[in-house]
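The structure appears right after this line, and notes come after that.
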2 protein chains.
Amino acid sequence: MADWDAVRFFLELARAKTLARAARRLRVDYTTVGRRVSAFERELGAKLFERTPDGFVLTDAGESIRAAAEQMEQSAVDVEQRALGADRRLSGTVRVAAAESAGHAVVLPAMRDLHQRHPEIRLHLQTGLARLDIARREADLALRFAPPESGDLRIRRLTSMGFALYASEDYLARHRPPAPGAGFAGHDAVLFDEGFRGAPAFASLTDSLRDARAAVRANSMLSLVEAVANGLGVGALTCCLGDADPRLRRVFPDLPVQRVDLWLVVHADVQRTGRIRALIAALEARCRKAAAVLRG
Amino acid sequence: MADWDAVRFFLELARAKTLARAARRLRVDYTTVGRRVSAFERELGAKLFERTPDGFVLTDAGESIRAAAEQMEQSAVDVEQRALGADRRLSGTVRVAAAESAGHAVVLPAMRDLHQRHPEIRLHLQTGLARLDIARREADLALRFAPPESGDLRIRRLTSMGFALYASEDYLARHRPPAPGAGFAGHDAVLFDEGFRGAPAFASLTDSLRDARAAVRANSMLSLVEAVANGLGVGALTCCLGDADPRLRRVFPDLPVQRVDLWLVVHADVQRTGRIRALIAALEARCRKAAAVLRG
DNA sequence: TGGAGACCATGCAATCCTGCATGGCATGGC
DNA sequence: GCCATGCCATGCAGGATTGCATGGTCTCCA
């Protein structure tokens with residue numbers, strides 16, 4: 001094959017179905033995707049895609065090379081992983097995928113310590129619940145509230161984080177104080193946009209807000225805190241965040257907090273990479289030192 | 001990984017050990033190989049090669065990605081093969097015009113490989129020097145020792161084939177050994193009926209037989225080989241044929257063989273049809289694999 | 001010892017590729 | 001109907017990549 005890179009374009013187009021979407025994921029212009037895929041078809045002498053009204057659909061020929069192409073992708077990832085594993089330098093970028101609360105409470109403080117010793121290590125923190133694929137190397141490291149099981153991933157428990165319901169002082173003054181377990185009918189809720197799927201402990205916390213009206217939905221933790229702090233409603237926050245903000249009060253100060261385990265996920269091959277090892281060590285140190293705060 | 005194609009360069013350099021050799025195999029300038037491999041190293045953040053006096057040697061990091069890179073290569077081959085296999089037109093007859101020696105040494109072995117994968121492809125091999133007109137579609141493909149220039153034909157060099165003078169052991173025992181360049185007066189020659197017009201290197205070989213008596217003339221290579229093997233005279237044969245027959249000996253074993261380039265000629269617009277592409281690929285694979293044998 | 005041959009680094013010019021812009025074509029909401 | 005949105009084809013200009021040329025190092029061999 002003249003140009004292996006064409007397979008990368010082929011695969012992405014097969015997944016994205018349109019030139020435009022594939023181009024965005026590949027970070028090139030869509031004309032480039034079209035041209036390279038056409039060239040690939042010409043080279044192979046086979047029509048790989050049917051141009052239908054709803055996008056590019058694989059032909060039989062395209063379908064029949066898909067598996068091999070994915071195999072190739074897997075090997076490409078392997079190449080990358082092993083190269084990364086061989087890299088002992090304490091410099092370069094580490095990409096971390098984490099829930100925003102974990103990013104705030106764990107990753108950034110850990111990074112601050114790490115930066116003192118190794119200023120060459122850069123962090124690319126991708127918060128949000130969108131599950132970046134560690135296996136496909138969309139991130140080097142992930143912090144998750146629910147551990148995935150799969151293949152070559154190394155998983156370890158970092159800490160457990162406390163969550164509780166918070167409201168602003170004046171919100172609590174203006175509303176009839178809720179009773180534990182009695183529901184929040186008549187209350188306003190500040191909700192995270194996407195649910196923390198797969199974290200049962202956390203689910204039980206948000207479930208208790210079910211009866212409340214959703215006054216605010218946001219997909220940014222900062223907005224969430226501000227919403228609660230501004231008296232817009234009751235919200236579930238990590239204790240790190242809630243306790244640190246003087247404007248916030250726990251709704252049930254006497255109840256124990258909800259604990260959710262935080263898991264570190266990393267690909268087996270990159271565990272030896274210098275900068276990644278260093279960051280993992282910093283994360284663990286941070287979790288040890290701040291265990292009390294994190295657990296609430 | 002930003003550019004999968006870099007892996008192809010990496011692998012080739014790992015095998016070839018020098019930029020120059022790798023570049024020749026990849027059909028690019030060696031500066032390109034150097035630059036792309038360097039870029040790859042930069043991207044991975046790992047030094048893959050040690051630049052030693054005797055070429056590029058894999059570092060530990062390079063060694064550790066080699067297996068995955070080879071895996072990737074295997075998948076690339078799979079992609080290609082399935083694309084070929086998926087083309088529904090991979091059946092029917094391909095008509096090939098070739099000199100008998102090329103047919104024997106290249107076309108038939110290539111066809112054997114091809115037949116494993118695509119048993120529905122049939123070959124119609126028309127040997128002989130009569131120039132079938134590709135342009136007029138008297139054949140789909142031609143293998144020639146002299147490239148025609150004309151219009152819509154696609155021409156590429158397949159390999160170079162070695163020719164040498166052969167005789168049987170007992171013929172050599174019975175005759176005064178000829179001296180290189182001194183002519184063959186008093187010898188018997190086994191000649192191909194029609195001359196290889198247009199292949200100067202070959203002409204020089206047969207020219208040296210000018211002084212010999214023509215003991216046998218034949219227009220079949222099989223007859224030619226048999227004639228030489230039976231001690232009827234000295235004949236110019238491809239090294240493939242001559243070296244493979246235990247009854248034959250090179251007349252001048254110490255002289256380098258005469259090399260004649262073998263050209264593949266195909267009409268531009270049939271280049272894309274599946275069965276023809278498949279055969280071309282098989283021909284090229286055969287020439288690559290058997291290059292040493294073909295060159296003598 | 002010196003010259004040929006093989007190899008590699010670097011500067012520069014031509015080429016190829018990419019991205020942008022325009023325009024055409026669908027779909028869907030108002 | 002009409003506009004907004006999303007998609008793709010094609011022409012064109014800028015820029016990245018390539019190949020070539022020069023110059024240097026090393027080895028081998030006469």
Side-chain angles (χ1 to χ4, degrees), chain A residues 1-44 46-59 61-62 76 130, chain B residues 1-59 61-62 76 154-157 160 254-257 259 268 271-272 291-292 295:
Chain A
M1 197 180 324
D3 180 11
W4 290 7
D5 211 36
V7 182
R8 202 163 54 92
F9 283 74
F10 160 79
L11 258 187
E12 203 51 58
L13 181 55
R15 289 178 182 139
K17 308 270 189 234
T18 78
L19 291 180
R21 259 202 299 277
R24 277 193 294 273
R25 296 204 45 135
L26 293 165
R27 300 177 182 282
V28 293
D29 195 82
Y30 73 94
T31 52
T32 302
V33 179
R35 286 191 274 235
R36 296 197 66 168
V37 167
S38 297
F40 191 42
E41 288 182 318
R42 239 176 299 123
E43 190 201 334
L44 292 179
K47 195 173 170 198
L48 299 174
F49 291 98
E50 208 66 63
R51 278 75 170 168
T52 74
D54 38 61
F56 283 63
V57 181
L58 285 175
T59 61
Chain B
M1 195 180 326
D3 180 12
W4 289 8
D5 210 37
V7 181
R8 203 163 53 91
F9 284 73
F10 160 79
L11 260 186
E12 202 52 58
L13 182 54
R15 289 175 182 143
K17 307 271 189 234
T18 78
L19 291 181
R21 259 202 300 275
R24 276 193 295 273
R25 299 201 45 135
L26 293 165
R27 301 177 182 282
V28 294
D29 196 82
Y30 73 93
T31 52
T32 302
V33 180
R35 287 191 274 235
R36 296 198 66 168
V37 168
S38 297
F40 192 42
E41 288 181 317
R42 240 176 297 122
E43 190 202 332
L44 293 179
K47 194 174 170 199
L48 300 173
F49 290 98
E50 208 65 65
R51 278 75 170 167
T52 72
D54 37 61
F56 284 63
V57 180
L58 285 175
T59 60
R154 292 286 173 275
I155 298 155
R156 62 185 97 170
R157 207 180 68 90
S160 74
D254 303 327
L255 249 55
V257 302
R259 297 261 163 74
Q271 222 184 359
R272 307 257 179 272
R295 293 164 61 87

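Proteins get letters first, then strands, A, B, ... in listed order; numbering begins at 1 in each.
For the pair B:Asp3 CG and C:dC17 P, the interatomic distance rounds to 13 Å; values are reported in whole Å. Atom-to-atom, CZ of A:Arg27 to C1' of C:dG19 comes out at 16 Å; the value is rounded to the nearest Å. The distance between atom CG of A:Asp29 and atom P of D:dC7, rounded to the nearest whole Å, is 13 Å. Rounded to an integer number of Å, the gap from A:Phe49 CZ to D:dC8 P is 11 Å. Rounded to whole angstrom, the span from the CZ atom of B:Phe40 across to the P atom of D:dT17 amounts to 16 Å. Atom CG of B:Leu19 is separated from atom P of C:dT10 by 12 Å (rounded to the nearest Å). Following rounding to the nearest Å, A:Leu26 (CG) and C:dG19 (P) show an atom-to-atom distance of 10 Å. In this structure, CZ of A:Arg24 is placed 14 Å from P of C:dG19, rounded to the nearest angstrom.
Within the 4.0 Å cut-off from OP1 or OP2 of D:dT18, not a single side-chain nitrogen or oxygen of B:Thr32 is found. A:Arg36 has no side-chain polar atom (N or O) that falls below the 4.0 Å cut-off from OP1 or OP2 of C:dC17.
Ring geometry, A:Phe49 versus A:Phe10: the interplanar angle falls from 30° to 60°, so the pair is classed tilted.
Here the side chain of A:Arg35 is nearest to one of D:dC20, D:dG11, C:dC7, namely D:dG11.
Nearest heavy-atom pair across A:Asp3 and A:Glu43 is N-OE1, 4.3 Å.
Interatomic distance, B:Leu58 CG to B:Lys17 NZ, rounded to the nearest 0.5 Å: 6.0 Å.
For the residue pair B:Arg42 / B:Ser38, no side-chain donor-acceptor distance below 3.5 Å is found, with atom types taken as modelled. With no hydrogens or angles considered, no side-chain donor-acceptor pair links A:Thr32 and A:Arg36 at under 3.5 Å.
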Could you list the protein-to-nucleotides 22-27 of chain D atom pairs, N/O on both sides, closer than 3.5 Å?
none

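Base pairing of C:dG19 is made with D:dC12, judged by Watson-Crick or G-U wobble geometry with both donor-acceptor distances under 3.5 Å.
Closest-nucleotide positions on DNA chain C for B:Phe56 and A:Phe9 were compared, and the one nearer the 5' end corresponds to B:Phe56.
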| message | Quick one, A:Phe56 with A:Leu48, criterion side-chain contact (heavy atoms from CB on, under 4.5 Å). Give me CA distance, side-chain angles, the key distance, then yes/no. | response | CA-CA 9 Å; A:Phe56 283 63; A:Leu48 299 174; over 6 Å; no

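Here A:Thr31 lies in heavy-atom contact (under 4.0 Å) with a base.
A:Glu12 has a carboxylate O that lies under 4.0 Å from a charged side-chain N of A:Arg25, or vice versa, which qualifies the two as a salt bridge.
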